[in-house]
Number of protein chains: 2
Amino acid sequence: MSRSSAVPESSREQEQNPSSRSRKKKGLDAVYRSVADAIIEHRLKPGARLREDALAEVFGISRTGVRKVLQRLAMEQLVTLTPRRGASVTRPSVDEAKDVFEARQMVECALMETAARRVTAAEIRELREMDRQEREALRSGEQRMAIKLSAAFHSRLASLSGNTTLADFVGQLCSRSSLILAVYGNSGHLGCESHDHGKLIDLIAEGEGRKASDFMERHLKSIEASLSIDEDSEETPDLKDIFRTAAD
Amino acid sequence: MSRSSAVPESSREQEQNPSSRSRKKKGLDAVYRSVADAIIEHRLKPGARLREDALAEVFGISRTGVRKVLQRLAMEQLVTLTPRRGASVTRPSVDEAKDVFEARQMVECALMETAARRVTAAEIRELREMDRQEREALRSGEQRMAIKLSAAFHSRLASLSGNTTLADFVGQLCSRSSLILAVYGNSGHLGCESHDHGKLIDLIAEGEGRKASDFMERHLKSIEASLSIDEDSEETPDLKDIFRTAAD
DNA sequence: TACCCACCCATTGTATACGTTCCGTGTATG
DNA sequence: CATACACGGAACGTATACAATGGGTGGGTA
């Protein structure tokens with residue numbers, strides 16, 4: 001009972017949320033985006049169980065479609081499919097978090113040099129607009145939206161390279177980073193400092209690929225450093241340890 | 001008629017081939033490996049249609065399981081799911097091929113440095129054994145097996161870095177490379193020259209990460225250069241052009 | 001009182017059945 | 001004789017029904 005009660009409220013949120021505006025009939029892909037966004041925005045927290053029946057009822061589709069969506073999310077490491085236990089939002093391990101940020105530094109930095117060479121004026125304007133929206137969301141206290149926009153910004157930045165394969169990979173890494181922030185992030189300051197993205201755009205616009213790459217490296221390292229990856233916060237919640245004082 | 005008649009023989013290959021040895025009962029995941037291997041080994045050529053009913057009958061499972069497998073393969077870019085046309089083995093475009101090899105050079109080279117630092121003696125032995133098997137297959141004319149082993153070698157090499165995320169990514173890139181070789185490769189010489197892998201192992205074993213990275217870059221560039229990426233070989237087979245001489 | 005076993009229910013895994021859409025072919029007409 | 005329309009069939013998309021398994025709870029016993 002204690003576990004199953006962790007989620008149902010969020011599914012109600014889905015109904016009343018206008019973002020998933022009653023797309024009952026067409027758009028199976030829209031269901032995927034809805035769930036993915038909910039996870040990225042931390043409306044569905046790591047560890048939350050995703051029962052097939054519940055999702056099927058919420059979105060007005062059958063379990064068949066739900067399973068397809070969950071499988072796709074599982075392949076992107078956003079949800080974890082335990083053989084007979086069902087699906088739950090992935091709770092990234094410390095090693096996983098480390099791997100994801102190592103991958104991001106490797107790929108995103110390298111792509112900056114290509115992006116600086118290929119970027120167009122229209123794309124620069126688009127990036128500035130995205131940055132503006134992100135800061136706007138951050139300013140008005142919409143942390144959830146800011147997190148999603150930040151991931152979208154990094155993903156769009158990677159897509160400037162023109163390499164679809166690497167861009168998609170970065171997109172997945174950014175999504176997983178949102179999960180990592182949800183688990184290991186300090187609620188005090190979010191991952192991306194707003195002014196960083198603006199500076200990044202400047203460097204790209206000036207064609208300073210090398211500097212953009214270096215800046216991106218520092219940017220990502222600073223995000224990673226801001227995480228509180230305590231080794232001891234792993235494994236069992238240690239009921240004994242937690243309630244030791246109470247029992248003492 | 002011209003398009004649909006291009007494939008049906010391949011589905012018969014599946015039936016008579018003993019490699020998919022009657023894994024009827026357990027192992028839904030085994031079906032995935034069977035199909036993936038068939039694609040990587042070029043037993044299923046790019047463009048080959050994969051009818052759900054046929055696969056279901058061959059593997060003794062229902063279409064439900066087949067669809068799950070096909071979806072997974074589609075996500076790894078090994079098969080293409082056309083909305084109402086069904087599944088077919090992906091025929092990589094020129095741009096896709098270029099992207100994949102750019103990604104491989106970026107990631108695999110970078111991982112060599114990490115691998116050279118972390119590799120153990122046991123892993124070196126394992127790599128040498130894999131290299132031996134690959135050369136053995138190449139020597140005995142089993143090109144299909146050699147292609148698969150070569151991809152497995154690169155994938156295993158990447159996994160030495162300890163970064164699961166990047167290793168999995170490289171694994172997918174290697175699988176897609178097999179497809180690219182099937183389309184753009186000259187049947188004369190396969191992608192990986194056998195002695196290259198041995199040299200790569202030597203450098204890793206000696207802890208020469210930098211040299212290993214450089215060598216890997218040359219290795220991959222040489223594979224890419226061996227491809228015959230003719231821009232004109234794209235698009236429609238141009239029945240008019242092909243039969244112009246006959247009509248003339 | 002604490003631990004273990006057995007039963008029941010909830011949830012997922014799999015298969016089958018139905019609806020839908022698109023391709024191919026055949027015929028009719030300009 | 002060519003083209004266009006229409007019909008039939010085949011394959012995919014979706015939903016529903018059944019089967020199997022694991023966990024949770026309750027009772028019994030040491």
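By convention in this document, chain letters (A, B, ...) are assigned in the order of the sequence lines, proteins followed by strands, and residues within each chain are numbered from 1.
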Please write out each protein N/O paired with an N/O of nucleotides 12-15 of chain C under 3.5 Å, distance rounded to 0.1 Å.
residue : atom : partner : partner atom : Å
C:dT12  : O3'  : A:P83   : O            : 3.3
C:dG13  : OP1  : A:P83   : O            : 2.5
C:dG13  : OP2  : A:R67   : NH1          : 2.5
C:dG13  : OP2  : A:R67   : NH2          : 3.1
C:dG13  : O4'  : A:R84   : NH1          : 3.4
C:dG13  : N7   : A:R63   : NH2          : 3.1
C:dG13  : O6   : A:R63   : NH1          : 3.4
C:dA15  : OP2  : B:S62   : N            : 3.3
C:dA15  : N7   : B:T64   : OG1          : 2.9

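- Here the side chain of B:H42 pairs a donor or acceptor atom with the backbone of B:S178 at under 3.5 angstrom.
- At least one side-chain heavy atom of B:E123 sits less than 4.5 Å from a side-chain heavy atom of B:L160.
- Within the 3.5 Å criterion, the main-chain N or O of B:V94 finds a donor-acceptor partner in the side chain of B:Y184.
- Considering only heavy atoms from C-beta on, A:F169 stays 4.5 Å or farther from B:L173 through its side chain.
- When the shell of 6.0 Å around CZ of B:R156 is examined, it contains more than 12 heavy atoms from other residues, nucleotides or ligands.
- Computed from coordinates, the A:D29 CG to D:dT14 P distance equals 11 Å when rounded to whole Å.
- Separating the CZ atom of A:F59 from the P atom of D:dA15 is a distance of 14 Å, rounded to the nearest angstrom.
- Looking at B:K68 and B:D29, no side-chain N of the basic residue comes within less than 4.0 Å of a carboxylate O on the acidic one, giving no salt bridge.
- Residues B:R118 and B:T114 have side chains in contact (heavy-atom distance under 4.5 Å, counting atoms from C-beta outward).
- For the helix from C:dT1-D:dA30 to C:dG30-D:dC1, the rotation axes defined at the first and last 5 base pairs enclose an angle of 10°, given to the nearest 10°.
- Applying the salt bridge (Lys or Arg N to Asp or Glu O under 4.0 Å) test to every pair with at least one member in residues 89-99 of chain A, sequence neighbours left out, gives these pairs: A:E96-A:R176.
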